[in-house]
Structure formats: structure tokens, C-alpha cells
Student: 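Below are the C-alpha cells for one structure; questions will follow.
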Amino acid sequence: MQLTETHRPTLDRALEAIRSRAYWSPHPEHPKAYGETGAADGLAAYQALLGSRFELDQPGTDGWTGAEVSPYGPALGVEYPHPDLDVLLPAMRAGMAAWRDAGPETRALVCLEILSRISARTHEFAHAVMHTSGQAFMMALQAGGPHAQDRGLEAVAYAYEEQTRTPQGVDWSKPQGKRDPLELRKVFTAAPRGIALLIGCNTFPTWNGYPGLFASLATGNPVLVKPHPRAILPLAMTVRIAREVLGEAGFDPNLVALAAERPGEGIAKTLALRPEIKIIDYTGSTEFGDWLEEHARQAQVYTEKAGVNTVVIDSTDDYKGMLSNLAFSLSLYSGQMCTTPQNLLIPRDGIATDAGPKSYDEVVADLAASVSGLLGDDGRANALLGALVNPDVKSRLEAAAGLGEVALPSREVANPEFPDAVVRTPVIVKLDGAKPDDEAAFMSECFGPVSFAVAVDSTSDALDLLRRTVHDQGAMTVGAYTTSADTERAIEEVCLEESAQLSLNLTGGVYVNQTAAFSDFHGSGGNPAANAALCDGAFVSNRFRMVEIRRQA
């Protein structure tokens, strides 16, 4: 395989991008970029997978499992190999030495070949992501395709940079005055920790999965992929491609394997405590994330858990733009993003705007009208909302209406192409920040299309509540709108002290719940929402240890 000629320029460009933080992506977002027949070919390839067994030819298969049902209605009917862990895990370790000895550059280039082949099948992956996560097709294509691939490449770039920070070898000489110098030959090797376990999530199987997968693989570790039982197919496709590339490059395909579980089996908890598992990447509930951090002591654990994302609304010089930006942020993928705003903190005496002073009630009513206008056409609503990923989200949405005064009721949207899809517009509920019962509602994550317009006594009180929210509950994102330089600095100080990523005065085509690989950090690792950031040096550097061998010269 001509890996260096094909992929070294891309690796160099990625290294430049993580240093400059400028916009860059080698993976096109536009559907037509994949050829005139790309869309049709991708759909046909996806449909060919349905109702069949997904062969991987990995050792230790003791049966078949799989019961995915699309949030849009149809059952996928795909069966996956179920692993005998006592057979599979030793087989995964067998290829570690050769993969380690290949060195950081070869590993990085093999990873880039895997990503290149995934990219070529972006349309196929888009359908797989759409029908396991409920994302609308265009979002599934972009977030599940090029944006996920960017995050994977970003992790490879960081892994390469951290591993090559130390030279591979050096001739060391210490002068001894009139005596001969002391001379040693020192060799430094990035030694992998062991098998990495990737525990996939339901909503963003590739976007949230690729950073950990490629960070571990690029640092020399085998990766066992344990998908969410409702979203197996996108990660199974990834595993198949990775195994093909590894084999063609002369490495053991078992360096990447799939662990699909039977219904109710709970294999993640079993795997997390296996002594062979040395790294764990997890996206999901706080409860299980906390359990992993507490009990999987033999492993380096990276978690992204729940948080309460907050927007402080103090004032704005673009009222219409603010409302439009927030409406889109609340609506995208039915709020089923870990970065979607939940709490909107608004002074009860109102805010100053370019359209004149606006009371709390007016701000909330105008935001509700903006969301309604955005989603008024069912075709557009379906394209933005997608489908509710599981019944739990629907239950939370319905229960939220009973928590306070409803400023914007949720409505059902019909999807003519998929009549069984559960599509709902967001609900906005008015709550009072001074009432303990209301606080109990807004101080915990309500994942899905639910937002709380929280009345506070002042912007100062909003900042106190923001600080307490991030400190106690965590946040993946914070947003704020203000025309005051002093208030802006105060908000920045809260976010710097509590390690929260802040977006200020967004009124255009960039939204608080979107991040760009190579430039934006997703999470900080500094508050309870996540103990790691996607992606920085800390995300990759503890996946290997630098081992030194020195010899007398």
C-alpha cells in the first residue's frame, strides 16, 4: 500500500490545522461531492445490508445478535457476531507487538487509509446513521460522515504529535573532564497500554465514536468496539473497513473487533472490568459514566456524560438575529445533542435590545414565535428535527409540559416518507429561578427537545446560577448575549474558572451546539459533563507510555 505518498500530505495538513486552529477539512460536506451516482450507490449499498448477517470473520463468534429498529419505523433486520470474550480478547492482543513496532507514522497513515475508505462511502454511512440515530438525512450525512471523519483525523494528528514529541533514539554523552565521556545509546518507544474499549452512543455513533477509536488505534492499542444496541450498524461498518485495511497493510485485522450484545446483556459492564481492557471511551448517561470512573480502575477512562447547557441573555444589538440563532439551536435534531441549550436565563425585568426594551414575557414569546416560524412548514421541520431517537425522549418531552407554564407547546409533525417516525417540535417551559420546585426541574438534564426559560432577578443572579450549574451539573456549552463589556468579561471569568466552552453573541450561521474539528474543543474535561475534551493532547497522551531502553555505547 502506497500510504506515505497518498496520506502523508493530509497528515501534515492536519498537524498544521491543530496548531493554527484555522478552518480546514479534507472531507466534503456537500452530497454531490461524492460523484454523480454517489447518492444512489450509497442507498443501494445500505439497503443491501438490511435483513442479512454482517460477517466480520473475527475469532470467538458464539452466535448472532441484533434487533435495531429505525426511529423512522422499519426494522433493520441485521445480525452481528456475538463475541466469546475469552477467545476474542487474546486474539486481539496477538497483533499488538507488530502494530507497536510499526511506529507512530505508519500507524497514523494506516488510520488515514481507514478514514479515506469510510469517506468514500459517506452516503452509505449517512443512511446507517440516519436509521439508527433518528437524525434527518442531511445531518446524518454531514455529522455522521465528514464531521465524524474530521474528528477521527484530528485524533490521529494529536496522537502522532504526542508520540513524536520524544525522539526515537539518541546517542547520549556526558563529559567526564580528563576521563572518557559516559556514553549510552537510548531508544524511546511509544508503548500502548492494551486493549481499548469503545462504548458507543445511540445519537452520534460515529461522531462521538471516532475520536476514541482512532486515538487508541493510532497510539498502538487494539480497539474493541461495543456499539449501543440501537445503533450497531454504523460502527460495525467502521470495524469491517478497519479490519480490511489492517489486513491489506500487513497487520492483524483483529486489532479492531466488534462486540455486539444480546438484548439486556449489559456486556459493557462486564468488559469494563476485564483485566485486558486498559482504555475506555464512553459517551452516555452520568450514572454509568460515574460507575466506569469509579470501578474500572485498571483502565484509563474517558467519559462524556450529561450536563445542563445554559444561555445567559443580558442584552443584544441584534434581537432578530439572536432569536433566529437560538430557535435553530433548540430545534436541530430535536434537541438530542449534548451541546443543545437547555436553560435560558433571562432577567425578569427584561433586556435591552436594538428593537427597544423587551420584558421577560416578550423575549420568551418572541423566541417561541421564532421557533414556530422556523418549523411551521412540515417539510422543513422534518429536515431539521429528524425523529426522536427512543421512547424515553418522548416521555421526557411529554412530562416537561407539566413542570410550568408552557410558552411553546410541542406539536406532532407527520413524515410522509416514514409514517411511523415520531417527530415532535420543541417545548419551551417558563420557570422561576427563585422557586425551589422549579430549580429542581431546570438543574438536571432533560435530554431532548425541552428548554426552560428561567426568570432571574438580574444578570448578576444569572451569572451566579450559571456558575452553580456548571460546577454542580456540568455543561458542554455555554452561550451568552450581552452588549456590555463588563458583563462579557464577567461571563468569561465564570467560564474560565469553571472550565466551560463559551459562545458569545452568536446571531449568524454558527450555532452554540456546533463545533468544528481542528479548531473548536468539544467539552473541556474540567467540569462534570466530561472528563476529557475532543480533542487535545491530554485526550491521546495517556493512551501510551514512553518506554526507554538504553545500552552502553
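When a residue number appears, it is its place in the shown sequence, counting from 1.
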Student: Compute whether any side-chain donor of one residue and acceptor of the other, for His147 and Glu29, lie under 3.5 angstrom apart.
Tutor: yes
Student: Checking side chain to side chain contact (heavy atoms under 4.5 Å, CB included) between Tyr158 and each of Leu153, Val540, Leu15, which is the one that passes?
Tutor: Val540
Student: Assess, by modelled atom type and distance only, whether the side chains of Asn513 and Tyr333 contain a donor and an acceptor separated by less than 3.5 Å.
Tutor: no
Student: Any salt bridge between Glu493 and Arg489, counting N to O under 4.0 Å?
Tutor: no
Student: Is a donor from one side chain sitting under 3.5 angstrom from an acceptor on the other, for Thr339 and Tyr511?
Tutor: no
Student: Check whether Asp438 reaches the backbone of Leu431 with its side chain - one donor and one acceptor, N or O, closer than 3.5 Å.
Tutor: no
Student: Indicate, with yes or no, if the rings of Phe288 and Tyr282 have centres closer together than 6.0 Å.
Tutor: yes
Student: Determine, for Glu16 against Arg19, whether the closest basic-nitrogen to carboxylate-oxygen distance falls under 4.0 angstrom.
Tutor: no
Student: If you apply the rule side chain to side chain contact (heavy atoms under 4.5 Å, CB included), what do you find for Arg230 with Val389, and how did you get there?
Tutor: CA-CA 9 Å; Arg230 293 193 185 102; Val389 67; 5.8 Å; no
Student: Could you check whether any side-chain heavy atom of Leu465 comes within less than 4.5 Å of a side-chain heavy atom of Asp461, counting everything from C-beta outward?
Tutor: no
Student: Contact between Arg193 and Asn221 at the side-chain level, heavy atoms closer than 4.5 Å - yes or no?
Tutor: yes
Student: Between Glu154 and Phe214, is any pair of side-chain heavy atoms under 4.5 Å apart?
Tutor: no
Student: Does a side chain donor of either Gln501 or Thr515 reach within less than 3.5 Å of an acceptor in the other side chain?
Tutor: no
Student: Under the 3.5 angstrom rule, does the side chain of Asn325 hit a backbone N or O of Val510 as a donor-acceptor pair?
Tutor: yes
Student: When you look at Phe442 and Val308, which way does the side chain to side chain contact (heavy atoms under 4.5 Å, CB included) test go after all the steps?
Tutor: CA-CA 8 Å; Phe442 66 71; Val308 177; over 6 Å; no
Student: Let me see the working for Leu112 and Val156 under side chain to side chain contact (heavy atoms under 4.5 Å, CB included), right down to the final yes or no.
Tutor: CA-CA 8 Å; Leu112 264 62; Val156 174; 3.6 Å; yes
Student: Report yes if some heavy atom in the side chain of Asp150 is under 4.5 Å from a heavy atom in the side chain of Trp24; otherwise report no.
Tutor: no
Student: Test Ser315 against every option in Thr353, Thr459, Thr483 by the side chain to side chain donor-acceptor pair (under 3.5 Å) rule and name the one that passes.
Tutor: Thr483
Student: Should the pair Arg543-Asp281 be classified as a salt bridge under the 4.0 Å nitrogen-to-oxygen rule?
Tutor: yes
Student: Below 4.0 angstrom, N of the basic side chain to O of the carboxylate: do Arg424 and Glu398 qualify?
Tutor: no
Student: If we check side chain to side chain contact (heavy atoms under 4.5 Å, CB included) with Val413, which of these qualifies: Leu384, Leu375, Val423?
Tutor: Val423
Student: If every non-hydrogen atom of Thr238 is compared with every non-hydrogen atom of Leu213, which pair is closest and at what distance?
Tutor: CG2-CD1, 4.0 Å
Student: So, do Lys305 and Glu293 sit near enough that their side-chain heavy atoms are less than 4.5 Å apart?
Tutor: yes
Student: For the side chain of Tyr72 and the backbone of Gln135, is there at least one donor-acceptor N/O pair under 3.5 Å apart?
Tutor: yes
Student: Given side-chain hydrogen bond (donor to acceptor under 3.5 Å, both in side chains), test Glu445 with Thr286 step by step and report yes or no.
Tutor: CA-CA 10 Å; Glu445 185 185 51; Thr286 296; 6.0 Å; no
Student: Does the pair Glu162 and Arg165 meet the rule for a salt bridge (Lys or Arg N to Asp or Glu O under 4.0 Å), with working shown?
Tutor: CA-CA 5 Å; Glu162 293 298 321; Arg165 191 180 299 279; 2.8 Å; yes
Student: Are Arg274 and Ile195 packed together at the side-chain level, in the sense that at least one heavy-atom pair is separated by less than 4.5 angstrom?
Tutor: no
Student: For Arg151 and Asn208, test the side chains for any donor-to-acceptor distance below 3.5 angstrom and give the result as yes or no.
Tutor: no
Student: Working note: Ile351 + Tyr481, criterion side chain to side chain contact (heavy atoms under 4.5 Å, CB included); need CA distance, chi angles, decisive distance, verdict.
Tutor: CA-CA 10 Å; Ile351 67 172; Tyr481 291 89; over 6 Å; no
Student: So do Ser524 and Phe521 actually touch side chain to side chain, heavy atoms under 4.5 Å?
Tutor: no
Student: Would you find a donor on one side and an acceptor on the other, under 3.5 Å apart, between the side chain of Ser372 and the backbone of Ala368?
Tutor: yes
Student: So does Arg380 have more than 12 non-hydrogen atoms from other groups sitting under 6.0 Å from CZ?
Tutor: no
Student: Output yes when a side-chain donor or acceptor of Tyr360 lies under 3.5 Å from a complementary backbone atom of Ala453, and no otherwise.
Tutor: yes
